[in-house]
Undergrad: 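I have a structure here, written as structure tokens, and I will follow up with some questions on it.
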Amino acid sequence: MPSKMSWFNKEIIIQIARSTGWISIVYFLGLLFILPIQLMMMYSEERLPDYRGKLSSLFQVNFELQLGLLVIVPVILAVFLFRFLHMKQASDLMHSLPLKREKVFHHYAVTGIVFLILPVSAITLIIVILQSALDLETIYRLKDIFYWAGTTAVIALLLYTASVMIAMTTGISAVHAVLAYIFLFFPVGIIMLLFYNLKILLYGFPSEFFLQQQLEKMSPITYATGLNGRTFQWGDAAIYLILAVVFYILALVFYKKRNVEQASEAIAFPKLRSIFKYGVTFCTMLVGGTYFGGVSNNSLSWIIFGYVIGAVFGYFIAEMVLQKTWRVFARLKGLAIYGAVVALLVLSVKTLGIYENRVPDLSDIQSVQLTNEPYWIWNNAEPGEDYNRMKPLKEEANIMAVRRMHQQILADRKLKHRKNEQTISYFVRYELKKGSSITREYQVNERLYEDFFKPVFESKEYKQATEPIFKIKDNQMKSLNIRANGPMNKRVTLSNPVEMKEAITALRKDVLAETYEENLYYRDRGSSVEIYLGNDRFVYPIEIKPTYRNISNWLMEKKLKERVTVTGEDLSHVLVIKGDQWNFNDKEPSLEELESIEDSLVIKDKPQMEQLLDAASAYDRKEYKVIFYYKFGDYTEIMSFDEEHAPDFVKKHF
């Protein structure tokens, strides 16, 4: 009668502990020095009060070291645990034992999970004891400790199970480690490469918009890099745990189907070798196109060169790995077929032009958004931050104007931009009545489309859809910080609800009255208002431009204007140079070059200096250059203004 063996095999567990238990010990010691000992050092040196009210997560303590251990230990543990699969003698010995494969797998895989979780559990217990013994409740709470432990454990489990699955697909330990990290980074990496290259291939493809869509969540490693400033959500934890279970099951299935003879093979399953070879070829092709496109300023010839070089390089590297020899350069048939297929696909897409030329019919459009900030039309808004998102435009006049602008951009697509020409990205997003959406991105010269954009910008609907001051309710504001845009610390904080409401009402009137030309000319000028909403939430600074009369008059009534504005009292003098006085080969002249010009105008009169402050623009106009010399720390500011905004005394001088 055959003897029965229990599921738990003590000898295998002991063998695993002897060969890989040291990794768990190293992990424990690393966490011990990174967290508990560091907390005790800060306590003994009385540095913990610096964290009082600021330590929102234990990940903030030595985060870089925590991150290093978190992304390295699970992968290394899987590599050493299943190294017996990659050594022929060890593999033959293990599979000659009277044990079913699933029993061997569970012993190794589950023991690895225990080795991974034990150090985290022990450190959690130590930190709980420290909190009670050293009275650290004001620095971190029990829920902070368990949040740290749970987040670390979940991400470590996902990294570990993914690495275990990869161990079953290869027969070389070094390849196992490399493939594990490639697999873990693959979702983020391939999407970034695809989006960048689709932007090259398809005119109008909105790569920047798609890259804003919380892409970092698609890889546990990239997601972990933000744990010191981001909360690990329950939904994300559930997805990661489900993926960990899926990887564990897949690893078991692969292990049961794996042949013992595949030890020392780069890819253990013959059917996966073609996927590996052409996958590597495709990825290196994209990397080549991305690299040469970046260094050549998107020159088409260099991009094609990058594709070819990348594909050739990747194909032969993959062949060398699979064949375990460098003598693979005669294997050209597969590369030729791959090149022909890719060329056919690209030519088909470019010839058809369905994606590039699509502009929805007016009757199909429900709303539209037009902006140069992809963040404004990003759908995944954080709770309570809708004021930083652009609302859709629904008025027919605005929809028609945006659609006409879109059609004109497509008609001008073959226009080449001059070298050093200033361009911006326009993002157009249509919401269609049938529920779908169309998003496009175009890099264009803003000046060429002013006639299309101007009526949209000057509409009340557009300003209310884009400016946060129209989306924030008066009772949401906790305080207003008004400051001058200059080197001096001139600022005023308003917390009186009545005054805040009056200031914002005046600012809203000025924004509604602003013309497109004024917005374009007065960028980064005057003063700015920052709205504090509480709970560390701020609305980005809103400019108070020289043309904003209502808010300026209100500030003067409250006798605050000089406290929040750069005035003549802040300047020692101003230097004005007319554009025809210099010729530096179309380069922007330096301060020294401008000061060396003899026929210039020096202004020391305070009212005149203030006129120049109101006339100057950060937007380069080239007619006049103006240098403001501040009294604070020898600070200088070079700006410009055009003939239209030039004061009479400047015109008279020149």
Side-chain angles (χ1 to χ4, degrees), residues 417-424 444-451 453-454 457 484-488 490 514-528 543-549 552 561-562 565-654:
H417 298 298
R418 296 190 305 272
K419 189 176 181 181
N420 298 326
E421 181 181 11
Q422 291 183 346
T423 61
I424 68 167
V444 298
N445 183 338
E446 187 178 17
R447 288 289 187 179
L448 296 178
Y449 303 96
E450 285 183 346
D451 292 341
F453 185 55
K454 179 179 177 179
F457 174 85
N485 291 333
M488 72 292 299
K490 299 180 73 172
E514 184 180 26
T515 66
Y516 174 75
E517 290 80 9
E518 290 171 346
N519 174 265
L520 191 66
Y521 188 85
Y522 290 107
R523 292 180 177 176
D524 303 319
R525 293 302 302 138
S527 307
S528 60
E543 293 180 76
I544 300 178
K545 301 174 183 178
T547 53
Y548 284 10
R549 301 304 177 196
S552 295
K561 182 85 180 280
E562 293 188 358
T565 309
V566 177
T567 66
E569 294 290 343
D570 303 314
L571 303 171
S572 60
H573 64 285
V574 178
L575 185 68
V576 181
I577 306 100
K578 194 170 183 181
D580 56 10
Q581 301 299 312
W582 73 79
N583 181 14
F584 297 109
N585 299 321
D586 293 328
K587 290 184 178 180
E588 281 301 305
S590 65
L591 176 64
E592 292 76 14
E593 290 170 329
L594 289 172
E595 290 178 333
S596 66
I597 297 174
E598 294 183 0
D599 188 13
S600 59
L601 174 63
V602 178
I603 303 295
K604 293 186 177 181
D605 180 70
K606 289 181 175 58
Q608 289 185 342
M609 288 192 293
E610 289 177 359
Q611 286 186 58
L612 290 171
L613 284 168
D614 289 341
S617 169
Y619 195 75
D620 184 30
R621 298 282 173 162
K622 289 187 180 288
E623 280 93 346
Y624 294 90
K625 287 291 181 184
V626 55
I627 308 172
F628 296 100
Y629 294 84
Y630 288 83
K631 296 178 180 178
F632 307 92
D634 295 327
Y635 182 84
T636 59
E637 187 176 28
I638 302 176
M639 306 195 80
S640 63
F641 56 89
D642 56 17
E643 196 71 36
E644 179 184 351
H645 293 84
D648 291 337
F649 65 86
V650 172
K651 295 178 181 178
K652 183 178 179 180
H653 173 83
F654 289 103

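Keep in mind that this is a model prediction, so the values were computed, not measured.
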Undergrad: Check for a donor-acceptor pair, side chain of K625 on one end and backbone N or O of I638 on the other, with a separation under 3.5 Å.
TA: no
Undergrad: Take I577 and I627 through the side-chain contact (heavy atoms from CB on, under 4.5 Å) test and state the conclusion after the steps.
TA: CA-CA 9 Å; I577 306 100; I627 308 172; 4.2 Å; yes
Undergrad: Using side-chain contact (heavy atoms from CB on, under 4.5 Å), reason through T565 and E610 one step at a time and then give a plain yes or no.
TA: CA-CA 10 Å; T565 309; E610 289 177 359; over 6 Å; no
Undergrad: List the residues meeting ring pair (Phe, Tyr, Trp, His ring centres under 6.0 Å) with Y629, not counting sequence neighbours, and say none if there are none.
TA: H573
Undergrad: Kindly give the heavy-atom pair with the smallest separation between A484 and S527, and that separation in Å.
TA: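 Where A484 meets S527 most closely, the heavy atoms are CA-OG, 4.2 Å.
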Undergrad: Say you draw a straight line from CG of D451 to OH of Y516; how long is it, rounded to the nearest 0.5 Å?
TA: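 The CG atom of D451 sits 9.0 Å away from the OH atom of Y516.
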Undergrad: Could you check if a side-chain atom of M488 sits within less than 4.5 angstrom of a side-chain atom of V566, using non-hydrogen atoms only?
TA: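 Answer yes - side chains close enough.
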Undergrad: Using 4.0 Å as the upper bound for N to carboxylate O, is an ion pair formed by K490 and E562?
TA: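 So E562 does not pair with K490 through a salt bridge.
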Undergrad: Give, for atom CG of L571 and atom CD of E637, the distance between the pair rounded to the nearest 0.5 Å.
TA: 9.0 Å
Undergrad: Quick one: CD on Q608 to CG on L601, what's the gap to the nearest 0.5 Å?
TA: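 Nearest 0.5 Å value for the CD-CG distance: 7.5 Å.
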Undergrad: Where do N519 and K545 land on the side-chain contact (heavy atoms from CB on, under 4.5 Å) test, with the steps shown first?
TA: CA-CA 9 Å; N519 174 265; K545 301 174 183 178; 3.1 Å; yes
Undergrad: Can you confirm whether K604 is buried at NZ, in the sense that more than 12 heavy atoms of other residues, nucleotides or ligands lie under 6.0 Å from that atom?
TA: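 Incorrect, the count does not exceed 12.
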Undergrad: With a cut-off of 6.0 Å (strictly less than), are more than 12 heavy atoms of other residues, nucleotides or ligands near CG of D605?
TA: yes
Undergrad: On the 0 to 90° scale, with breaks at 30° and 60°, tag the F641-Y624 ring pair as parallel, tilted or perpendicular.
TA: parallel
Undergrad: Do the side chains of F649 and Q611 get nearer than 4.5 Å, heavy atoms only?
TA: yes
Undergrad: If every non-hydrogen atom of S600 is compared with every non-hydrogen atom of L575, which pair is closest and at what distance?
TA: OG-CD1, 3.4 Å
Undergrad: What are the two closest non-hydrogen atoms of K606 and E569, and how far apart are they?
TA: CE-OE2, 3.1 Å
Undergrad: For H645 versus D642, what's the shortest heavy-atom pair and its separation?
TA: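 Taking every non-hydrogen atom into account, ND1-OD1, 2.7 Å.
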Undergrad: Out of curiosity, M639 CE to F628 CZ, how far, rounded to the nearest 0.5 Å?
TA: 7.0 Å
Undergrad: Looking at CD of E543 and OH of Y522, how far apart are the two atoms once the value is rounded to the nearest 0.5 Å?
TA: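 Spacing of CD (E543) from OH (Y522) equals 12.5 Å.
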Undergrad: Verify side-chain contact (heavy atoms from CB on, under 4.5 Å) between E517 and E450, making sure each step is shown before the conclusion.
TA: CA-CA 9 Å; E517 290 80 9; E450 285 183 346; over 6 Å; no
